[in-house]
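Working notes, beginning with the structure itself.
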Amino acid sequence: MLLTFLRIVKFALQDFYRNFWLSFVTISVLILALVSVNLLISINAVTEKIVSVVEDKVDINVILNDNASEAEINNFTIFLNNIENVQEVKFLSKEAVLEDFRQKNIGNPDIQLALDELEQNPFNNTIIIKADKPDDYEMIIQKIKGAEYQGLMDNNDFSDPKKLISFVQQLSGKVEKFGLFVAGLFSMIALLIVFNTIRVTIYTHKEEIGVMRLVGATNSFIRMPFIIESVLYAIVAVVLTIMIMYFIFQLSAPYLNTLLDSYGFSLNSYFNQNFIRIFGLELLSAVILTIISSGIAIRRYLKV
Amino acid sequence: MIKLRQVSKLYPPDTYALHKVDMHIKDREFVSVIGQSGTGKTTLIKILTAQEKPTHGRIIVGGWDITDIAFREIPILRRQIGVIYQDFKLLPRKTIFENIAFALQVCGTSRAKITKVVPQVLKIVGLHSKAERYPGQLSGGEQQRVAIARALVHHPQILLADEPTGNLDSINTREIIELLKKINELGTTVMLVTHNKEVVNLLKKRVITLDQGKLVSDQKVGKYML
Ligand SMILES: Nc1ncnc2c1ncn2[C@@H]1O[C@H](COP(=O)(O)OP(=O)(O)OP(=O)(O)O)[C@@H](O)[C@H]1O
Ligand SMILES: [Mg+2]
């Protein structure tokens with residue numbers, strides 16, 4: 001049994017080498033399909049991260065004018081705290097806002113200089129409101145606009161942070177759809193190529209197959225090398241894809257870092273964490289799909 | 001050893017390659033099958049090796065009714081029947097030794113047994129000195145002897161030969177026929193399909209004649225009459 005299996009593997013390896021260019025092309029196309037799937041996963045991971053960062057960052061800024069008294073501000077704060085779905089209400093004095101602004105632009109000497117030259121604080125006292133969910137902002141804004149505290153506020157048009165989030169989501173949705181289409185297309189092509197490769201391999205082995213039949217080789221012995229060969233394609237393609245992906249991560253890291261590094265995100269670590277789930281699943285599906293497609297070729301072109 | 005009862009093979013729409021053929025070939029017999037082109041001789045071989053299924057009738061090989069043979073039992077049948085053809089069906093990129101060893105490898109035979117059996121069968125056909133050559137380096141007659149050696153690796157009870165001398169000159173033809181006789185004398189039932197009048201007359205063995213799929217004569221010591 002083991003002997004038979006080893007011989008089948010040996011025959012499959014021989015096919016693999018003998019039709020080197022055919023194997024090469026097949027594996028390349030498989031890699032193309034797998035890489036596009038992985039890029040899709042990468043894009044997904046990045047946009048998901050971006051959305052969550054944006055969600056975390058958005059808030060409503062209510063700018064208070066200078067004649068608001070402390071008591072009035074206190075009442076307003078209590079009012080805001082009582083609105084449904086408000087997660088947090090934070091009061092920032094104009095000094096704190098200035099300091100915050102200074103810190104944010106610490107790397108920009110022009111701004112620092114300009115701030116130093118100012119005689120008085122250009123900022124106002126500000127209240128920052130965070131909602132539980134991005135969807136809640138619209139309702140909160142309505143409540144604020146309808147409140148009796150209009151006199152305290154300097155600004156009246158609050159931009160709905162939800163719009164920004166849904167813009168990011170829409171964009172990523174479009175990218176995802178396109179990616180899905182490309183990955184699907186490449187996968188289809190890859191399966192057709194595998195089908196054709198096995199067909200050609202069967203054709204080039206007509207004589208051997210004929211002899212095998214003549215001398216009473218079992219059907220599985222005749223067919224198995226072709227199945228093993230296609231499994232080999234899948235395995236080699238997945239392994240090379242993993243290498244290519246980590247290379248791509250290396251290349252893209254500088255760009256992504258400027259965007260997301262401070263949030264502790266990199267594709268490298270994302271794929272590391274989900275290594276088995278992503279590549280294991282890809283290996284499994286690549287093997288299953290190539291077996292199916294070579295199986296169809298065998299069924300059609302290999303009469304036993 | 002081989003029994004055919006009312007065997008017909010219809011190739012749609014209306015070609016009866018075999019038509020109600022009855023035949024009984026006993027163990028260790030040597031039978032020639034003759035007939036004009038397209039009369040069903042190759043079809044007979046195909047049916048005996050389960051390459052084709054008969055449309056009607058029953059076929060029994062070595063006591064085994066193979067009429068409705070299961071797909072996975074076909075290899076077992078084929079190991080009991082050696083077959084050789086006009087074109088020797090040798091693999092050109094393998095040596096003679098490898099060609100014969102291949103037949104054993106693909107049937108799961110151990111390496112030790114292969115190194116024992118291959119020289120044995122090569123000795124029977126008288127080619128053990130040329131084991132390392134490639135088919136292209138042998139004469140047609142020698143190539144056919146290699147094919148015969150390969151057909152013998154499983155010690156078949158039956159050897160079917162479909163015009164084995166069709167590509168050979170008369171000297172090589174005689175050699176092959178002598179070899180088939182020798183194999184027959186060693187205990188294998190031989191069925192020889194041939195066009196060659198000289199061969200049939202030389203053999204002085206049983207001759208079955210087919211005509212348009214029908215068995216038209218069966219002579220104990222036949223002469224080529226067509
Ligand atoms: N696969 C097939 N499909 C349809 N018809 C076939 C098929 N194989 C054979 N035939 C027909 O069956 C008949 C018998 O063919 P067969 O090959 O048995 O003849 P044969 O006696 O071996 O001839 P030859 O001496 O030329 O080899 C022929 O008329 C042939 O055309
Ligand atoms: Mg024929």
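Residue numbers start from 1 in every chain, and the chains themselves are labelled A, B, ... in the order their sequence lines are given, proteins ahead of strands.
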Report task. Give a yes-or-no answer on whether the side chains of N167(B) and Y85(B) include a donor-acceptor pair shorter than 3.5 Å. Result -> no

Query raised in the report: Does one side chain, of N172(B) or Q144(B), offer a donor that lies under 3.5 Å from an acceptor on the other?
Result: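 Checked: N172(B)/Q144(B) side chains show no N/O donor-acceptor pair below 3.5 Å.
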
Query - Option that, when pairs with chain A are counted at under 4.5 Å, heavy atom only, ranks first among V153(B), L90(B), T109(B) - result: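 If we count pairs closer than 4.5 Å to chain A, T109(B) comes out on top.
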
Query raised in the report: Hey, which of Q51(B), K89(B), Q105(B) has the most heavy atom pairs under 4.5 Å with chain A?
Result: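 Of the candidates given, the most pairs with chain A belong to Q105(B).
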
Requested in this report: Decide whether a cation-pi geometry holds between K206(A) and Y203(A); the criteria are a distance under 6.0 Å from NZ or CZ to the six-membered ring centre and an angle within 45° of the ring axis.
Outcome: no

Query raised in the report: Can you tell which of S220(A), G210(A), G216(A) has the highest number of heavy-atom pairs within less than 4.5 Å of chain B?
Result: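 Going by pairs under 4.5 Å, I would pick G216(A).
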
**Report entry** Interface residue of largest heavy-atom contact number with chain B, from L214(A), I8(A), T4(A), under 4.5 Å
**Finding:** L214(A)

Query - Residues R174(B), D169(B): salt bridge by 4.0 Å N-O rule - result: no

Query - Interface moiety of L3(A) toward chain B, non-hydrogen atoms closer than 4.5 Å - result: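 Just the side chain, heavy atoms under 4.5 Å.
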
Query - Segment of L77(B) engaging chain A (4.5 angstrom heavy-atom cut-off) - result: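 L77(B) has no heavy atom closer than 4.5 Å to chain A.
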
Requested in this report: Using modelled atom types only, decide if a donor and an acceptor are shared between the side chain of S110(B) and the backbone of K113(B) within a distance under 3.5 Å.
Outcome: yes

